[in-house]
Amino acid sequence: MQIESNFNLSKLNTFGITAKAKFFVEVNSEEELRELFADPIFVKNKKFFLGGGSNILFTKDFDGIVVLNKLKGIEIKEEDSEIVMVRALGGEIWHDLVIFAVNHRYWGIENLSLIPGTVGAAPIQNIGAYGAELKDTLYNVEAFEIETGLKRVFSQEECRLGYRDSVFKNELKNKYFISATTLKLSKKEKKNISYKILKEYLETNAIEIHNPKNISDAVASIRRSKLPDPKVIGNAGSFFKNVFINRDQLEKLQGIYKEMPFFEEDEVIKIPAGWLIEQCGWKGKRLGNVGVHEKQALVLVNYGEATGSEIIELASKIIESVKEKFDLTIMPEVNIV
Ligand code: EPU
């Protein structure tokens, strides 16, 4: 374990924003983590835990220590003829875990293919896409309490997962380092193809589902066609969260916008923020170094030299215009640091 000073974070965030950390360290094992917890630089400074850097916007230098989770490993903990418990360490790339599952024909996370980021970050915002979310398969989370260095196992219920939300974004924000997660996957066919865009894609391309890889491949190609590759153009996926509204608001809006898409589940109504943003004329717009992606209005992009403040400025303008047109407040999904 080696603590570095004045470290440039531009390659460690998918927005590609230049920001420096006063201190930086990579953690490759639980032993290194314990060593770090006892280090005076760690103890005395503000801390920030980084995974894939795919849901983060740095708006200034970080005056503390940035810790990169590099704990690696995937193992089968338990299995019977129907269920398999797969434990993956926090620094694993999420999509590598999906590939592991798909190659073994384990069902449960194939709809979450190609979501950028790490396994350790996945429970923090309960990653979700194409009709599935981590909540559907998460069994438990292992995490170290930063103040005491003690390891705790959180059951799925204790993680309090919601739409892009968990206890780790609320009461326990910055209090735990997630070292591993265990997922409960299925050996029996358990396909989930009800999400409209996925269903249409499968029908249009006459794809039959025989194994989880068929779904994984379909999701990957939908994502590739809509979402920009951060290696080519800086971005952090959806910049905003979708919006929850009540029935009165839905009826009022539908009176004006008959074609407005919405999702309803368990009495909760969600409007795609991408649609709201597009209606305000933002889709594909560029303002200097920053812009709104041409194929998915939820995604803000860095055309090369953007600063975090420029992204924030664009986001604020978008929030304002959605408020003005629809009287709805959209909220950032990315973590602004
Ligand atoms: N839509 C528009 N204009 C747009 C974008 C979307 O009109 O620019 C409409 C679509 O026509 C469709 C609806 O909104 O009717 C939903 O679109 P889509 O399926 O693309 O999903 P989303 O709600 O915009 C969410 C997630 C994505 C995830 C997709 C697919 C959030 C904040 N975003 O987007 O997650 O990939 O569903 O399940 O919930 C991410 O979190 O980084 C991310 C990309």
Side-chain angles (χ1 to χ4, degrees), residues 13-15 51-57 94-95 98 109-118 121-136 161-166 169 192-202 215-216 218-230 233-245 253-254 257-265 268-285 291-301 315 318-319 321-322 325-326 328-335:
N13 71 96
T14 59
F15 251 128
S54 54
N55 203 40
I56 270 165
L57 178 64
W94 170 261
H95 186 64
V98 174
I109 53 175
E110 57 282 357
N111 295 45
L112 306 181
S113 294
L114 273 194
I115 293 187
T118 57
I124 301 178
Q125 59 150 353
N126 183 25
I127 56 168
Y130 302 98
E133 52 182 7
L134 184 70
K135 190 180 180 191
D136 308 332
L161 304 176
Y163 170 62
R164 296 293 195 273
D165 202 25
S166 76
K169 266 181 123 174
N192 170 5
I193 49 171
S194 52
Y195 194 82
K196 195 164 165 249
I197 289 174
L198 176 58
K199 202 170 168 212
E200 284 169 1
Y201 180 88
L202 296 172
I215 294 181
S216 174
V219 166
S221 63
I222 301 171
R223 286 188 74 100
R224 286 201 181 99
S225 72
K226 277 199 181 181
L227 296 166
D229 179 353
I233 185 159
N235 76 90
S238 300
F239 190 89
F240 299 101
K241 287 194 262 201
N242 288 334
V243 193
F244 290 100
I245 60 168
L253 284 166
Q254 278 181 322
Y257 308 99
K258 299 205 166 35
E259 74 298 357
M260 182 180 78
F262 67 96
F263 300 93
E264 196 168 359
E265 208 179 287
V268 179
I269 304 161
K270 213 160 55 174
I271 305 290
W275 182 84
L276 299 170
I277 298 166
E278 183 174 346
Q279 295 300 308
C280 292
W282 284 105
K283 198 168 180 173
K285 270 224 171 134
V292 178
H293 187 55
E294 64 203 9
K295 293 188 189 132
Q296 167 54 286
L298 267 186
V299 179
L300 303 189
V301 296
I318 294 171
I319 293 169
S321 59
V322 169
K325 191 170 168 77
F326 296 99
L328 294 174
T329 304
I330 55 170
M331 304 280 280
E333 198 223 282
V334 298
N335 193 357

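Order of listing sets the numbers, starting from 1, for every ligand and every atom in it. Counting from 1, the numbers follow the sequence of the chain as shown.
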Engineer: Numbering the atoms of ligand 1 from 1, which are under 4.0 Å from a heavy atom of Lys226?
Structural biologist: 20 (O)
Engineer: Which atoms of ligand 1 sit under 4.0 Å from any heavy atom of Gly237?
Structural biologist: 42 (O)
Engineer: Atom 17 (O) of ligand 1: which protein heavy atom is closest, and how many Å away?
Structural biologist: Ile197 CD1, 4.0 Å
Engineer: Please write down residue, atom name and distance for the protein heavy atom closest to atom 34 (O) of ligand 1.
Structural biologist: Leu298 CD1, 3.7 Å
Engineer: Under 4.5 Å between any side-chain heavy atoms of Lys169 and Ile124, yes or no?
Structural biologist: yes
Engineer: Taking 4.0 angstrom as the limit and counting only heavy atoms of Phe240, give me the atoms of ligand 1 inside it, by number and element.
Structural biologist: 32 (C)
Engineer: Number the atoms of ligand 1 from 1 as they appear, then name those within less than 4.0 Å of a heavy atom of Lys283, with their elements.
Structural biologist: 3 (N), 4 (C), 8 (O)
Engineer: Does ligand 1 have any atom that is closer than 4.0 Å to a heavy atom of His293?
Structural biologist: no
Engineer: Anything under 3.5 Å between a donor and an acceptor, one on a side chain of residues 268-284, the other on a protein residue two or more places apart or in another chain? List them.
Structural biologist:
unit_1: Glu278; atom_1: OE1; unit_2: Lys283; atom_2: NZ; d: 3.0
unit_1: Trp282; atom_1: NE1; unit_2: Ser321; atom_2: OG; d: 2.7

Engineer: Look at atom 21 (O) of ligand 1 and find which of Tyr195, Tyr130, Phe262 reaches it with the closest heavy atom.
Structural biologist: Tyr195
Engineer: Taking 4.0 Å as the limit for heavy-atom contacts, which would you say applies to Tyr163 with ligand 1: side chain only, backbone only, both, or neither?
Structural biologist: side chain
Engineer: Looking only at non-hydrogen atoms, find the nearest pair between Ser216 and Val98 and report the distance.
Structural biologist: OG-CG1, 4.4 Å
Engineer: Rounded to the nearest 0.5 Å, what separates atom CD1 in Ile330 from atom CG in Asn242?
Structural biologist: 9.5 Å
Engineer: Identify, for atom 28 (C) of ligand 1, the protein heavy atom at the shortest distance, and state residue, atom and that distance.
Structural biologist: Ala129 CB, 4.0 Å
Engineer: Which heavy atom in Ile215 sits nearest to a heavy atom in Leu198, and how many Å separate them?
Structural biologist: CG2-CD2, 4.4 Å
Engineer: Do any nitrogen or oxygen atoms of Lys295 lie less than 3.5 angstrom from nitrogen or oxygen atoms of ligand 1?
Structural biologist: no
Engineer: Does the N or O separation between Ala297 and ligand 1 drop below 3.5 Å for any pair?
Structural biologist: yes
Engineer: Does atom 10 (C) of ligand 1 have any protein heavy atom closer than 4.0 Å?
Structural biologist: no
Engineer: Looking only at protein heavy atoms, which one is nearest to atom 3 (N) of ligand 1, and what is the separation?
Structural biologist: Glu278 OE1, 2.6 Å
Engineer: Give the residue and atom name of whichever protein heavy atom lies nearest to atom 15 (O) of ligand 1, and the separation in Å to one decimal.
Structural biologist: Pro261 CB, 3.6 Å
Engineer: Give the residue, atom name and distance (to 0.1 Å) of the protein heavy atom nearest atom 33 (N) of ligand 1.
Structural biologist: Ser238 OG, 3.0 Å
Engineer: Going by salt bridge (Lys or Arg N to Asp or Glu O under 4.0 Å), name the residues that satisfy it together with Glu133, two or more places apart in sequence or in a different chain.
Structural biologist: none
Engineer: At their closest point, which heavy atom of Arg164 faces which heavy atom of Ile127, and how far apart are they?
Structural biologist: NH1-C, 4.2 Å
Engineer: Parallel, tilted or perpendicular: which fits the ring planes of Phe244 and Tyr163, with parallel below 30° and perpendicular above 60°?
Structural biologist: perpendicular
Engineer: Tell me the protein heavy atom at minimum distance from atom 24 (O) of ligand 1, and give that distance in Å.
Structural biologist: Gln296 NE2, 3.1 Å
Engineer: List the atom of Leu112, the atom of Leu134, and the distance in Å for their closest heavy-atom pair.
Structural biologist: CD1-N, 3.9 Å
Engineer: Any heavy atom of Arg223 sitting closer than 4.0 Å to ligand 1?
Structural biologist: yes
Engineer: Using a cut-off of 6.0 Å, state whether more than 12 heavy atoms not belonging to Glu265 lie near its atom CD.
Structural biologist: no
Engineer: Mind listing the closest non-hydrogen atom pair of Leu114 and His95 along with its distance?
Structural biologist: N-ND1, 2.8 Å
Engineer: Identify the protein heavy atom lying closest to atom 25 (C) of ligand 1, giving its residue, its atom name and the separation to 0.1 Å.
Structural biologist: Asn242 ND2, 4.2 Å
Engineer: Can you see which heavy atom on Ala129 is nearest to which on Arg223, and at what distance?
Structural biologist: CB-NH1, 3.9 Å
Engineer: So, taking the atom named CD1 in Ile245 and the one named CZ in Phe262, what distance separates them when rounded to the nearest 0.5 Å?
Structural biologist: 8.5 Å
Engineer: Taking only heavy atoms of Pro272 into account, list the atoms of ligand 1 that are under 4.0 Å away from them.
Structural biologist: 13 (C), 14 (O)
Engineer: Mark up the atoms of ligand 1 that fall under 4.0 Å of a heavy atom belonging to Glu333, in ascending order.
Structural biologist: 32 (C), 40 (C), 41 (O)
Engineer: Are any of the heavy atoms in Arg164 under 4.0 Å away from ligand 1?
Structural biologist: yes
